K.L.:
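Pasting a structure here, questions to come.
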Amino acid sequence: MSNYTHKTNSFNSSMVINRDFTFAPSDFRYIESNNTVRIRNFIDDENVGEQIDTKFYITQTKTPFKLITIQNMSSLILDKNSGGEFILKNIYSKSTKKIKKDYLLFSRNASLGKVSYVTEDSYMILNGGISMIYIEDELNRYYVMAFFISNYGKEQLELKTSSGGTQQNAKRDDLLDIEIPIPKNEKIRNLVSLIVQNIIDKEKQIKIKNEIINSIIEKELVMHSPISIKMPKSNEILENNFRFDGGIYSKEYKIIKGSIELYKGGYFNLLDRYNANRGQNLQVSNIGISIYSNEKKNNFYRLITNVELTDDRTISTFRYLGNKNQLTLIPKNSIFLSADGSVGRCIYIQDLGKTITNIHPWILISKDEETPVFENIFTAMFLGYLKTVGYYEKIKDKSNGGGIKLSHLENWIKIPDFPKELKKEIAFNYYNDVEKNKELSIENYLEKEKKRNNIIGIWQLNIELLNLKEQLEQLVNDIVYDREIQISNYIKTID
């Protein structure tokens, strides 16, 4: 991620006076850019959220009406299902903060500068600390968004907010006064807009394919698993190693557990077919001093941990680690399961090359080297499904740091043995490598990319999405510093 902020090496009395007599070095930072236009000059509509008294939250049931918070902005597409608070219809009806399709949402406090795009109309209103703007012109809408996908927008906001306190809070006008550099060549602005639309479409397809995978699994379990719910008896408590926490005796847990154990095709215990190991301990006491970076560096290892995994079976970003030792790489054809923190996030990794992890995930490798790839992918997808239905929250440790221990994998994780064709269909939605587009131009780029996005799997979409964001960051950087840009370097087969 590029850094756009510069520090003033020296300053005089007039500079101090103009900054309300501050001597804090952080107040003498600046971003240098040319030919800029303020965001307020692009917009056709704008509003800010407001706080709602918690007494109006609905916690015992779900409604179609929701208060959107920063939790819903975990990706570039607003996700109404990933957080927020359910509210009553009358609260929604009276609100002047209704969220509309094609608006951009910007966080002005927590996760300062984070942006999300609203892809659909729904019954949502906006929480405090978030701004929403509408730019009718599509080219400008996605062009402005690019500078917040990049680090540029966040750094601009940081310069406008107080450097004190634990959380920076930007005002409404701080966002509207962000300076967006405009390239002299209109085609460059069009290029940026097209890349952003491709990024958004890839994220959209990732969510669609996740819904397809979860829907297939749920439908199969519901159709072929007769379930009866009974209160726990003494022998059940004994079988559960005398665990008395309510989660494993709850109705929700029993429904999930029963749908697997009563599945018509049978099931297998996870560790009957897979070996489970933790990643390498990266503490100084174990491997010596390491250098961490958010930017790719020569001879550094690529690093992914639980932190980088998402609920969409994807990697949000890569970090990098430099160390003089030969570290343990993530094996090919492995299942990567988050064991701590956001327990249960899971991906399948065919091969990530020189990539490492730490001790917090479980790395699962099939005991049979001849296991077809689609079988391993299906197992990973089902482990991810268990998170979406709240299974891990019921069985995980409530003490000793929480999380999923080896005993959980041994005793509580079971995988239904779906028909081969159904496993292949699920795996196909996650991993489907298709030849990259050729002979791309400004005119056909988006159409061709969207057509291909609809076909390729979640894994391919994820890796290409990360590469596109790197390209976009470089493009924004070149625009900010007024460097020459060759469109042919970007409109080509996506690497």
Side-chain angles (χ1 to χ4, degrees), residues 72-82 99-106 114-122 133-150 187-215 310-317 347 428-476 487 490-495:
N72 301 99
M73 299 173 63
S74 58
S75 70
L76 291 177
I77 294 177
L78 183 69
D79 187 349
K80 64 182 180 182
N81 299 317
S82 66
I99 298 172
K100 301 173 185 176
K101 185 176 182 292
D102 292 329
Y103 274 64
L104 299 177
L105 305 189
F106 299 88
K114 191 168 185 59
V115 64
S116 281
Y117 185 75
V118 184
T119 59
E120 61 179 348
D121 284 318
S122 191
I133 68 172
Y134 176 67
I135 301 173
E136 186 173 1
D137 184 276
E138 279 197 0
L139 188 153
N140 287 334
R141 184 191 311 157
Y142 297 113
Y143 183 78
V144 168
M145 187 178 181
F147 288 82
F148 289 84
I149 297 174
S150 157
K187 288 183 179 181
I188 302 301
R189 192 148 48 120
N190 193 20
L191 170 65
V192 172
S193 177
L194 289 172
I195 291 176
V196 170
Q197 289 179 74
N198 191 11
I199 288 173
I200 291 173
D201 189 67
K202 287 184 189 295
E203 289 215 358
K204 183 178 179 180
Q205 289 298 325
I206 285 172
K207 291 186 180 299
I208 289 172
K209 293 176 194 299
N210 268 290
E211 289 175 1
I212 291 172
I213 289 171
N214 291 333
S215 177
T310 77
D311 289 340
D312 288 329
R313 300 180 172 100
T314 59
I315 302 165
S316 62
T317 186
I347 61 173
F428 179 80
N429 279 280
Y430 181 81
Y431 196 98
N432 183 33
D433 199 3
V434 176
E435 185 181 10
K436 295 177 175 62
N437 283 320
K438 298 177 180 178
E439 299 181 0
L440 292 172
S441 66
I442 286 283
E443 290 73 27
N444 68 20
Y445 171 80
L446 192 59
E447 181 184 358
K448 281 193 170 185
E449 283 295 289
K450 282 188 173 184
K451 187 175 181 179
R452 182 171 173 274
N453 291 344
N454 192 51
I455 300 171
I456 60 179
I458 292 173
W459 177 258
Q460 286 72 30
L461 288 163
N462 186 196
I463 297 303
E464 292 180 12
L465 184 63
L466 294 172
N467 290 337
L468 272 177
K469 286 181 178 179
E470 283 187 11
Q471 288 187 16
L472 184 64
E473 186 71 71
Q474 183 58 55
L475 189 52
V476 167
I487 292 178
Y490 296 92
I491 298 294
K492 60 179 182 180
T493 301
I494 304 301
D495 294 325

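As the structure is a computational prediction, the values presented were derived from the model and not from experiment. For reference, positions follow the sequence shown, starting with 1.
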K.L.:
Report the residues that fulfil side chain to side chain donor-acceptor pair (under 3.5 Å) with Asp312, sequence neighbours left out, ordered by chain and then residue number.
P.N.:
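Expected list: Lys207.
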K.L.:
Residues in side chain to side chain donor-acceptor pair (under 3.5 Å) with Ser441, at least two apart?
P.N.:
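Residues passing side chain to side chain donor-acceptor pair (under 3.5 Å) with Ser441: Glu443, Asn444.
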K.L.:
Using the ring-ring contact (aromatic ring centres under 6.0 Å, His included) criterion, which residues pair with Tyr430? Sequence neighbours excluded.
P.N.:
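Here no residue qualifies.
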K.L.:
From Asn198 CG over to Lys448 NZ, what is the distance, rounded to the nearest 0.5 angstrom?
P.N.:
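Between Asn198 CG and Lys448 NZ, I get 13.5 Å after rounding to 0.5 Å.
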K.L.:
What distance do Ser75 atom OG and Ile199 atom CD1 have between them, rounded to the nearest 0.5 Å?
P.N.:
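Ser75 OG to Ile199 CD1: 12.5 Å, rounded to 0.5 Å.
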K.L.:
Over all heavy atoms of both residues, which pair between Leu139 and Arg189 is shortest? Give the atoms and the distance, please.
P.N.:
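Closest approach of Leu139 to Arg189, heavy atoms only: CD2-CG, 3.2 Å.
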K.L.:
On a heavy-atom basis, which atom in Gln205 and which in Leu461 lie closest, and how many Å separate them?
P.N.:
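What the structure gives for the nearest pair is CB-CD1, 3.7 Å.
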K.L.:
Partners of Tyr103 by side chain to side chain donor-acceptor pair (under 3.5 Å), sequence neighbours excluded?
P.N.:
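Testing Tyr103 for side chain to side chain donor-acceptor pair (under 3.5 Å), a comparison that skips the adjacent residues, returns Asp45.
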K.L.:
I'd like to check Ile458 versus Ile213 (side-chain heavy atoms, cut-off strictly below 4.5 Å). Are they in contact?
P.N.:
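A side-chain contact under 4.5 Å exists here.
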K.L.:
Is there a side-chain contact between Leu76 and Val196, using heavy atoms and a 4.5 Å cut-off?
P.N.:
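Counting from C-beta outward, Leu76 and Val196 never come under 4.5 Å.
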K.L.:
Apply side-chain contact (heavy atoms from CB on, under 4.5 Å) to the pair Ile487 and Lys187, showing each step before the final yes or no.
P.N.:
CA-CA 8 Å; Ile487 292 178; Lys187 288 183 179 181; 3.6 Å; yes
K.L.:
Thr314 vs Ile347, test: side-chain contact (heavy atoms from CB on, under 4.5 Å). Steps then yes/no.
P.N.:
CA-CA 7 Å; Thr314 59; Ile347 61 173; 5.8 Å; no
K.L.:
Measuring only between side-chain heavy atoms, which start at C-beta, is Gln197 closer than 4.5 Å to Ile200?
P.N.:
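With C-beta onward as the side chain, the pair stays apart.
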K.L.:
Less than 4.5 Å apart, any side-chain heavy atom of Ile135 and any of Tyr142?
P.N.:
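No - every pair of side-chain heavy atoms lies 4.5 Å or more apart.
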K.L.:
Could you list the residues that satisfy salt bridge (charged side-chain N to carboxylate O under 4.0 Å, His left out) with Glu211, not counting sequence neighbours?
P.N.:
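Glu211 satisfies salt bridge (charged side-chain N to carboxylate O under 4.0 Å, His left out) with no other residue.
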K.L.:
Could you tell me which non-hydrogen atom of Leu472 sits nearest to which non-hydrogen atom of Ala146, and how far apart they are?
P.N.:
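Scanning both residues, the minimum pair turns out to be CD1-CB, 4.0 Å.
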K.L.:
Atom CG in Leu78, atom CD1 in Ile99: separation rounded to 0.5 Å?
P.N.:
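The CD1 atom of Ile99 is 6.0 Å from CG of Leu78, to the nearest 0.5 Å.
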K.L.:
side-chain contact (heavy atoms from CB on, under 4.5 Å) with Ile212: which residues, sequence neighbours excluded?
P.N.:
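Partners of Ile212 by the side-chain contact (heavy atoms from CB on, under 4.5 Å) criterion, ordered by chain and then number, come out as Ile208, Ile216, Asn429.
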K.L.:
Does Thr119 have any side chain to side chain donor-acceptor pair (under 3.5 Å) partners at least two apart in sequence or in another chain, and if so, which?
P.N.:
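Expected list: none.
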K.L.:
Nearest 0.5 Å please: distance from the OH atom of Tyr490 over to the CD1 atom of Ile195.
P.N.:
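Nearest 0.5 Å value for the OH-CD1 distance: 7.5 Å.
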K.L.:
Test of understanding: with salt bridge (charged side-chain N to carboxylate O under 4.0 Å, His left out), list the residues that count as partners of Lys80, not counting sequence neighbours.
P.N.:
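Checked Lys80 against salt bridge (charged side-chain N to carboxylate O under 4.0 Å, His left out); matches are Glu120.
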K.L.:
Any side-chain heavy atom of Lys100 sitting closer than 4.5 Å to one from Tyr134?
P.N.:
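Not touching, per the 4.5 Å side-chain cut-off.
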K.L.:
Contact between Asn72 and Leu105 at the side-chain level, heavy atoms closer than 4.5 Å - yes or no?
P.N.:
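Asn72 vs Leu105: side chains apart.
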K.L.:
Taking only residues two or more places apart in sequence, or in another chain, which ones meet Glu470 in a side-chain contact (heavy atoms from CB on, under 4.5 Å)?
P.N.:
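Applying side-chain contact (heavy atoms from CB on, under 4.5 Å) to Glu470 gives Lys296, Tyr320.
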K.L.:
For residues 134-145, which residue pairs qualify under salt bridge (charged side-chain N to carboxylate O under 4.0 Å, His left out), counting only residues two or more places apart or in two chains?
P.N.:
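Checked against salt bridge (charged side-chain N to carboxylate O under 4.0 Å, His left out) - neighbours excluded - the pairs reaching residues 134-145 are Asp102-Arg141.
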K.L.:
CG/Asn467 to NZ/Lys469 distance, rounded to the nearest 0.5 angstrom?
P.N.:
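Asn467 CG to Lys469 NZ: 11.5 Å, rounded to 0.5 Å.
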K.L.:
Under the rule for side-chain contact (heavy atoms from CB on, under 4.5 Å), what residues qualify as partners of Asn432, not counting sequence neighbours?
P.N.:
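By the side-chain contact (heavy atoms from CB on, under 4.5 Å) rule, Asn432 matches Phe428, Val434, Ile455.
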K.L.:
Could you measure the distance from the CD atom of Gln460 to the OH atom of Tyr431? Nearest 0.5 Å is fine.
P.N.:
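Gln460 atom CD to Tyr431 atom OH measures 5.0 Å (nearest 0.5 Å).
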K.L.:
Please say whether more than 12 non-hydrogen atoms of neighbouring residues, nucleotides or ligands are located less than 6.0 Å from NZ in Lys204.
P.N.:
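12 or below, so no.
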K.L.:
Looking at side-chain heavy atoms only, is the closest gap between Arg452 and Lys436 below 4.5 Å?
P.N.:
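Yes; the side chains approach each other to less than 4.5 Å.
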K.L.:
If the threshold is 4.0 Å, N to carboxylate O, is there a salt bridge linking Glu449 and Lys202?
P.N.:
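Yes, Glu449 and Lys202 are salt-bridged.
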K.L.:
Between Ser150 and Val476, what is the shortest heavy-atom contact and its length?
P.N.:
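Answer, listing the atom of Ser150 first, then Val476: OG-CG1, 3.6 Å.
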K.L.:
Does some side-chain heavy atom of Phe147 sit less than 4.5 Å from a side-chain heavy atom of Val115?
P.N.:
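Side chain of Val115 against side chain of Phe147, heavy atoms only: no contact under 4.5 Å found.
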